[in-house]
Colleague: 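Below are the structure tokens for one structure; questions will follow.
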Amino acid sequence: MGPLRLYFGENARSRRHAELIGILWILSLADLGFTLWAHFFTPFHEVNPLARLFLAHNLIPGLILFKLVVTTIGAQIFWRLRQHRRAETALWGIVIVYVFLTIRWSSYATSALAMSGSWGGSFQG
């Protein structure tokens, strides 16, 4: 049995779902980490209105819990619907959005670090 047959075999959709959910978790936690870093160390404006509310009231544990709960619920929904092609398509879409968001965060972090001298300070990791 070759590697492609193994990957595209009987349980291929479940395997792809598990991999995509793992990637979703990694990118979601990276988004949370970047959000917290930007909030504390850069002149940052959060676009997500719920996250902005948490940050405006300095409810950092609440924001972390919210992100973890929402990601858990989403992952559970996608796992339970893994036999449906539309669910897999939607999961791919969300992962792609998170990839683009991560690229945007990378650009933001690079710009913020380059500008840190103009804020009268330097970044202290």
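Computed from a predicted model, the values in this text were never measured in an experiment.
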Colleague: Indicate the atoms forming the closest heavy-atom contact of V47 with R52, along with that distance.
Modeller: O-NH2, 3.4 Å

Colleague: Quick one: does I60's side chain get under 4.5 Å of L36's, heavy atoms only?
Modeller: yes

Colleague: Please check if I96 and I26 belong to a single hydrophobic cluster, counting links between Ile, Leu, Val, Met, Phe, Trp and Tyr side chain heavy atoms closer than 4.5 Å.
Modeller: no

Colleague: Check for me, please, whether L59 and F66 land in the same ILVMFWY cluster - side-chain distances under 4.5 Å, paths through other members count.
Modeller: yes

Colleague: In terms of hydrophobic clusters joined by side-chain contacts under 4.5 Å, are V99 and W92 together?
Modeller: yes

Colleague: Once you round to the nearest 0.5 Å, how far does CG of L101 lie from CG of D31?
Modeller: 4.5 Å

Colleague: Out of R13, Q83, R82, H17, which residue meets the side-chain hydrogen bond (donor to acceptor under 3.5 Å, both in side chains) rule with E88?
Modeller: R13

Colleague: Tracing side-chain links under 4.5 Å among I, L, V, M, F, W and Y, which residues wind up in one group with I77?
Modeller: L65, V69, I73, L81

Colleague: So, the side chain of N11 versus the backbone of S14: is there a donor-acceptor pair under 3.5 Å, distance only?
Modeller: no

Colleague: For a 4.5 angstrom cut-off between non-hydrogen side-chain atoms, does I94 reach L24?
Modeller: yes

Colleague: How about F78 and L20: do any of their side-chain heavy atoms sit closer than 4.5 Å?
Modeller: no

Colleague: Quick one: does T89's side chain have a donor or acceptor within less than 3.5 Å of a partner on R85's backbone?
Modeller: yes

Colleague: Is the number of heavy atoms from other residues, nucleotides or ligands under 6.0 Å of F100 CZ greater than 12?
Modeller: no

Colleague: Hey, are the side chains of W25 and L68 touching, using non-hydrogen atoms and a 4.5 Å cut-off?
Modeller: yes

Colleague: V95 versus I21: any side-chain heavy-atom pair under 4.5 Å?
Modeller: no

Colleague: For residues L113 and T42, determine if any side-chain heavy atom of one lies less than 4.5 Å from a side-chain heavy atom of the other.
Modeller: no

Colleague: In terms of hydrophobic clusters joined by side-chain contacts under 4.5 Å, are V70 and L53 together?
Modeller: no

Colleague: If you draw a 6.0 Å radius around NE2 in H57, do more than 12 non-hydrogen atoms from other residues or ligands fall strictly inside?
Modeller: no

Colleague: I want to know whether F44 and W105 have ring centres closer than 6.0 Å.
Modeller: yes

